[in-house]
Amino acid sequence: MADVEFHDEIVDVPLEGDIDVPGAAKSDDELSTLDEPVKETILRDVKAVGNKFAHVLIPKQSRLLLKEWDLWGPLVLCTFLAIMLQGSTDDLNVMGENDGGPQFAEVFVIYWLGASVVTLNIKLLGGNISFFQSVCVLGYCVCPLGLALIVCRVLLAVSSDSLGLFIARFISVIAGFAWSTFASTAFLADSQPSGRKVLAMYPLLLFYFVISWLIISHTHS
């Protein structure tokens with residue numbers, strides 16, 4: 001019988017190349033912005049924040065605030081409110097100077113603690129939303145009240161004793177309160193259980209009401 005020799009051939013299969021998987025995350029090189037100029041990065045972030053403010057002022061069916069959440073806008077609004085409202089009382093410190101520090105800290109506590117409590121209530125009621133998403137929406141939706149504060153400061157610069165100007169201030173704050181509440185519910189409505197939306201709305205209304213009260217009670221220009 002003739003000997004039969006078998007020769008195993010080793011075939012080198014190239015393993016290099018790009019494998020695209022649907023729904024897979026992109027590589028770090030594609031998402032990295034380390035080589036991007038600082039100016040472009042800042043402009044892009046500012047544009048994103050401004051776009052979110054636009055969605056609050058003109059509420060529409062959009063999940064932008066939930067999908068691309070950030071805390072830059074709420075931080076800017078909180079700092080703005082704290083600076084504008086500080087020194088709203090006549091309490092003097094030991095040196096005889098009006099120290100606005102406590103009022104500044106008070107606004108910060110009310111702003112962030114209030115948003116956290118509202119978010120915790122939403123989570124306890126079974127809302128399908130993350131903590132930072134909720135804080136982002138609640139923070140951005142203070143924007144109408146921030147505009148109302150600007151109107152009030154302008155009217156206070158004219159006169160702080162006029163009944164007509166007080167009524168104008170009151171109307172502007174009520175409008176800001178209503179707009180903030182409407183905008184926040186427009187973004188958070190879908191994340192609430194159908195039978196518990198009223199329970200989720202109460203702390204939210206209280207949160208914006210307290211901020212509105214701080215604005216309307218501010219009596220110094």
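These numbers were taken from a predicted model, which means no experiment stands behind them. Scope of the values below: all heavy atoms of this structure, side chains included, with no hydrogens, waters or symmetry mates. The residues of the chain are indexed from 1 along the displayed sequence.
- With Ser172 contributing its side chain and Arg169 its backbone, the two residues share a donor-acceptor pair below 3.5 Å.
- Not counting sequence neighbours, the partners of Val117 by the side chain to side chain contact (heavy atoms under 4.5 Å, CB included) test are Leu113.
- Taking each heavy atom of Thr185 and Met201 in turn, the nearest pair found is CG2-SD, 2.9 Å.
- Taking every heavy atom of both residues into account, Leu204 and Ser184 meet most closely at CD2-OG, 3.2 Å.
- A single hydrophobic cluster is not seen to contain both Leu81 and Val151; linkage of ILVMFWY side chains at heavy-atom distances under 4.5 Å, directly or through other members, places them apart.
- Nearest heavy atoms, Pro144 versus Val56: CD-CG1, 3.9 Å.
- Hydrophobic clustering (ILVMFWY, side-chain heavy atoms < 4.5 Å, transitive): Leu155 and Phe177 are in distinct clusters.
- Ile110 is connected to Leu149 through a chain of hydrophobic side-chain contacts under 4.5 Å among Ile, Leu, Val, Met, Phe, Trp and Tyr, so both are in one cluster.
- Using a 4.5 Å cut-off on side-chain heavy atoms (C-beta onward), Trp112 and Leu75 make contact.
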Would you mind writing out the side-chain donor-acceptor pairs for residues 118-127 within the sub-3.5 Å range, not counting sequence neighbours?
| unit_1 | atom_1 | unit_2 | atom_2 | d |
| --- | --- | --- | --- | --- |
| Thr119 | OG1 | Ala115 | O | 2.8 |
| Thr119 | OG1 | Ser134 | OG | 2.8 |
| Asn121 | ND2 | Leu199 | O | 3.4 |
| Lys123 | NZ | Ile129 | O | 2.9 |

Would you check, one step at a time, whether the test side-chain contact (heavy atoms from CB on, under 4.5 Å) holds for Trp179 with Leu145? CA-CA 8 Å; Trp179 199 255; Leu145 286 172; over 6 Å; no

Expected list for residues 208-215: side-chain donor-acceptor pairs under 3.5 angstrom, two or more places apart:
| unit_1 | atom_1 | unit_2 | atom_2 | d |
| --- | --- | --- | --- | --- |
| Tyr208 | OH | Leu138 | O | 3.1 |
| Ser212 | OG | Tyr208 | O | 2.7 |

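- Between Phe108 and Thr79 there is a side-chain heavy-atom pair separated by less than 4.5 Å.
- With sequence neighbours excluded, the residues that form a side chain to side chain contact (heavy atoms under 4.5 Å, CB included) with Ser130 are Gln133.
- Scored by the ring-ring contact (aromatic ring centres under 6.0 Å, His included) test, Phe132 finds Trp69 as partners (sequence neighbours excluded).
- Remark: side-chain polar atoms of Arg153 are paired, donor with acceptor, to backbone N or O of Met84 under 3.5 angstrom.
- Within the model, atoms CZ of Phe53 and SG of Cys141 stand 10.0 Å from one another, a figure rounded to the nearest 0.5 Å.
- Here Ile167 pairs with Leu163, Ile171 under the side chain to side chain contact (heavy atoms under 4.5 Å, CB included) rule; sequence neighbours left out.
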Begin from the C-alpha positions of Leu57 and Leu147 and carry the test side-chain contact (heavy atoms from CB on, under 4.5 Å) through to its verdict. CA-CA 10 Å; Leu57 295 177; Leu147 296 178; 3.8 Å; yes

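- At a threshold of 4.5 Å between side-chain heavy atoms, the hydrophobic network of Ile, Leu, Val, Met, Phe, Trp and Tyr places Val137 and Val76 in two separate groups.
- Rounding to the nearest 0.5 Å gives a distance of 11.0 Å between CG of Leu71 and SG of Cys78.
- The side-chain heavy atoms of Pro74 and Val142, taken from C-beta on, include no pair separated by under 4.5 Å.
- Tracing side-chain contacts under 4.5 Å through hydrophobic residues (I, L, V, M, F, W, Y), one never reaches Phe207 starting from Tyr202; they form parts of separate clusters.
- Between the side chain of Tyr111 and the backbone N or O of Gly139 there is at least one donor-acceptor pair closer than 3.5 Å.
- With a 6.0 Å radius and a threshold of 12 heavy atoms from other residues, nucleotides or ligands, Phe131 has its CZ atom above the threshold.
- Other residues, nucleotides and ligands place no more than 12 heavy atoms under 6.0 Å from the CH2 atom of Trp72.
- We find the CG-CZ distance between Leu165 and Phe170 to be 15.0 Å, quoted to the nearest 0.5 Å.
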